[in-house]
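Below: the structure, in C-alpha cells.
Naming convention: chains lettered A, B, ... in sequence-line order (proteins, then strands); numbering from 1 in each chain. Values reported hereafter were calculated over all heavy atoms of this structure, with side chains retained and with hydrogens, waters and symmetry mates removed. Because the structure is a prediction, the values reported are computed rather than measured.
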2 protein chains.
Amino acid sequence: MISLNYRDSRPIYEQIKDELRKLIVTGAMSADEKLPSVRALASQLAINPNTIQRAYNELESEGYIYSVPGKGSFASADAGTDGARKEELLAKVQELVKELRYLGVTHEDLLALLEEGKEHD
Amino acid sequence: MISLNYRDSRPIYEQIKDELRKLIVTGAMSADEKLPSVRALASQLAINPNTIQRAYNELESEGYIYSVPGKGSFASADAGTDGARKEELLAKVQELVKELRYLGVTHEDLLALLEEGKEHD
DNA sequence: TTAACTGTATTATCCGTATTAGTACAGTTA
DNA sequence: TAACTGTACTAATACGGATAATACAGTTAA
C-alpha cells in the first residue's frame with residue numbers, strides 16, 4: 001500500500017503524507033475508509049510508530065483524514081476541499097512549464113502531455 | 001541577482017542552484033558569462049563561501065556551469081543539453097496534473113493555464 | 001614581481017531536525 | 001478482561017546543512 005524510498009532526501013513522514021494524500025484524493029481510498037493503525041503501518045514499514053503518528057497528525061490538520069481515539073484513522077469525505085493545495089499545485093505547474101519552455105519544449109509538446117492523461121472529465 | 005528564503009525548508013545551496021540554473025537556462029545569463037566569485041556571492045548573501053562552492057560544484061557536474069581555477073566560474077554554452085532535466089520536469093508536471101485532475105481541475109482549466117504563459121515559441 | 005584576485009580542498013564544530021526508543025494513559029471493542 | 005485504538009511525552013541518537021578557519025595553486029593587473 002505504501003512504499004518508502006530511503007534514497008529520497010525527503011523525510012519519511014513527508015513521503016508517507018504524500019502517498020496517503022494521493023490515495024485519498026484520487027479516490028483509491030474511499031471516504032471514511034479506515035487507514036492502517038499507527039502501529040500496524042509502522043510495523044509494516046519497519047519504522048517507528050512516532051513517525052507514522054506525525055504523518056497522521058499533519059494529514060489530519062490539513063483535513064485529509066480524521067482520527068478517533070480508540071477507533072482509528074479514516075479518510076475524510078471532503079479531502080482537499082479548501083483549495084489551498086490546488087493553488088499550490090497550480091503554481092508549481094506554472095513554474096515547471098516556464099522552465100520547460102526555455103528548455104525547448106514547445107507548446108504543442110505540452111498540449112500533447114495534457115491530452116495524454118485526459119481520459120474523462 | 002540571487003535571493004534566499006530562510007523560511008524555505010530546502011537547503012540554501014539548493015535554492016542557489018535553482019536560481020542560477022534558471023538564470024542560465026532562460027538566457028538571462030549568456031553563454032560564457034562570468035558568475036560572481038565564490039567569495040563575492042557568499043559575502044553578498046551573507047553566508048559561508050563553502051555553501052556557494054557546493055552549489056557551484058554541483059552545477060558544474062550537472063553541466064550548467066564550468067569553473068576555471070584562478071579565473072572564475074562561467075555559464076555553460078550547452079546548459080541543460082542532455083535532456084535529463086527536461087525529462088525530470090516533464091515527469092513532475094505529469095504527477096501534478098494527475099492530482100490536479102482529481103482535485104477537480106478541468107481539462108479546460110489546464111489548457112488555459114498553458115495558454116496563459118505562451119507568448120512566443 | 002608583487003598583491004589581490006580566482007577556484008579548490010580540508011578539517012573541525014555547531015545546530016536543527018528526523019528518527020528511534022521507551023513508556024504511559026484513555027477510549028473502544030470483542 | 002484482554003487486545004486493540006489514538007495520543008502524549010521525554011530522552012537519545014544520527015545525519016546533514018551550515019559555519020569557521022585555513023591552506024594551496026593558478027590568474028591577473030598594477
Side-chain angles (χ1 to χ4, degrees), chain A residues 1-21 24 29 31-77 79, chain B residues 1-21 24 29 32-76 79:
Chain A
M1 187 183 198
I2 302 278
S3 67
L4 297 181
N5 176 14
Y6 285 98
R7 290 169 211 163
D8 194 329
S9 67
R10 294 179 321 158
I12 294 177
Y13 75 88
E14 287 281 2
Q15 294 183 44
I16 293 173
K17 281 180 62 181
D18 280 355
E19 297 210 32
L20 287 178
R21 184 168 35 221
I24 294 168
M29 178 160 300
D32 301 316
E33 185 176 342
K34 190 174 182 304
L35 277 73
S37 78
V38 168
R39 291 172 180 79
L41 186 51
S43 108
Q44 174 193 324
L45 297 178
I47 62 176
N48 195 282
N50 292 338
T51 304
I52 305 293
Q53 195 199 343
R54 173 157 185 183
Y56 279 18
N57 272 340
E58 300 196 2
L59 283 174
E60 178 166 26
S61 67
E62 290 169 15
Y64 289 94
I65 71 175
Y66 61 93
S67 295
V68 184
K71 299 197 66 173
S73 300
F74 308 85
S76 279
Chain B
M1 189 183 198
I2 302 279
S3 68
L4 297 180
N5 176 13
Y6 285 98
R7 292 170 211 164
D8 194 329
S9 67
R10 294 179 320 158
I12 293 178
Y13 76 89
E14 286 281 1
Q15 294 184 43
I16 293 173
K17 281 181 61 181
D18 280 355
E19 297 209 33
L20 287 178
R21 183 167 37 220
I24 293 167
M29 178 160 300
D32 301 316
E33 185 176 341
K34 190 174 182 304
L35 277 74
S37 78
V38 169
R39 292 172 179 80
L41 186 51
S43 109
Q44 175 193 324
L45 297 178
I47 61 176
N48 194 283
N50 293 339
T51 305
I52 305 292
Q53 194 196 343
R54 174 159 185 184
Y56 279 18
N57 271 340
E58 300 197 1
L59 283 174
E60 177 166 24
S61 68
E62 290 167 16
Y64 290 94
I65 70 176
Y66 62 92
S67 295
V68 183
K71 299 197 64 173
S73 299
F74 308 85
S76 279

Classify every nucleotide of nucleotides 15-30 of chain D by which part a protein heavy atom approaches to under 4.0 Å, writing B for the base, S for the sugar-phosphate alone and - for neither, in 5'-to-3' order. --SSBBB-B--BSS--

Find the distance [X]:[atom1] to [N]:[atom2] and express it as a whole number of Å.
{"X": "B/Ile52", "N": "C/dG7", "atom1": "CD1", "atom2": "P", "value": "11 Å"}
{"X": "A/Asn57", "N": "D/dT7", "atom1": "CG", "atom2": "C1'", "value": "8 Å"}
{"X": "B/Tyr66", "N": "C/dT6", "atom1": "OH", "atom2": "C1'", "value": "14 Å"}
{"X": "A/Asp8", "N": "C/dT19", "atom1": "CG", "atom2": "P", "value": "10 Å"}
{"X": "A/Gln53", "N": "D/dA8", "atom1": "CD", "atom2": "P", "value": "7 Å"}
{"X": "B/Ile65", "N": "C/dG7", "atom1": "CD1", "atom2": "C1'", "value": "11 Å"}

Atom pair [atom1] ([X]) and [atom2] ([Y]), whose distance is rounded to the nearest 0.5 Å:
{"X": "A/Asn5", "Y": "A/Arg10", "atom1": "CG", "atom2": "CZ", "result": "8.5 Å"}
{"X": "A/Ile2", "Y": "A/Ile16", "atom1": "CD1", "atom2": "CD1", "result": "7.0 Å"}
{"X": "B/Lys34", "Y": "B/Ile65", "atom1": "NZ", "atom2": "CD1", "result": "11.0 Å"}

Paired with D/dC15: which nucleotide, if any, by Watson-Crick or G-U wobble criteria at under 3.5 Å for both distances? C/dG16

For C/dT29, which nucleotide in any strand shown is its Watson-Crick or wobble partner with both distances under 3.5 Å? D/dA2

Sugar-phosphate only, base, or nothing, as touched by B/Gln15 at under 4.0 Å among non-hydrogen atoms: nothing

Do you know the tightest heavy-atom contact between B/Leu35 and B/Met29? CD1-SD, 3.8 Å

Closest non-hydrogen atoms of A/Ser67 and A/Pro69, given as atom of the first, atom of the second and distance, are O-CD, 3.8 Å

OP1 or OP2 of C/dT6 less than 4.0 angstrom from a side-chain nitrogen or oxygen of B/Ser37, does that happen here?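 For C/dT6, OP1 or OP2 has a side-chain N or O of B/Ser37 closer than 4.0 Å.
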
When you measure from the side-chain N and O atoms of A/Ser73 to the phosphate of D/dG6, is any distance below 4.0 Å, counting only OP1 and OP2? yes

Looking at side-chain heavy atoms only, is the closest gap between A/Ile24 and A/Arg21 below 4.5 Å?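 No, side chains not in contact.
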
For a quick test of your reading: what N or O donor-acceptor pairs under 3.5 Å do the side chains of residues 45-56 of chain A make, sequence neighbours left out?
{"unit_1": "A/Asn48", "atom_1": "OD1", "unit_2": "A/Asn50", "atom_2": "N", "d": "2.9"}
{"unit_1": "A/Asn48", "atom_1": "OD1", "unit_2": "A/Asn50", "atom_2": "ND2", "d": "3.3"}
{"unit_1": "A/Arg54", "atom_1": "NE", "unit_2": "A/Glu58", "atom_2": "OE2", "d": "3.2"}
{"unit_1": "A/Arg54", "atom_1": "NH2", "unit_2": "A/Tyr13", "atom_2": "OH", "d": "3.1"}
{"unit_1": "A/Tyr56", "atom_1": "OH", "unit_2": "A/Pro36", "atom_2": "O", "d": "2.7"}

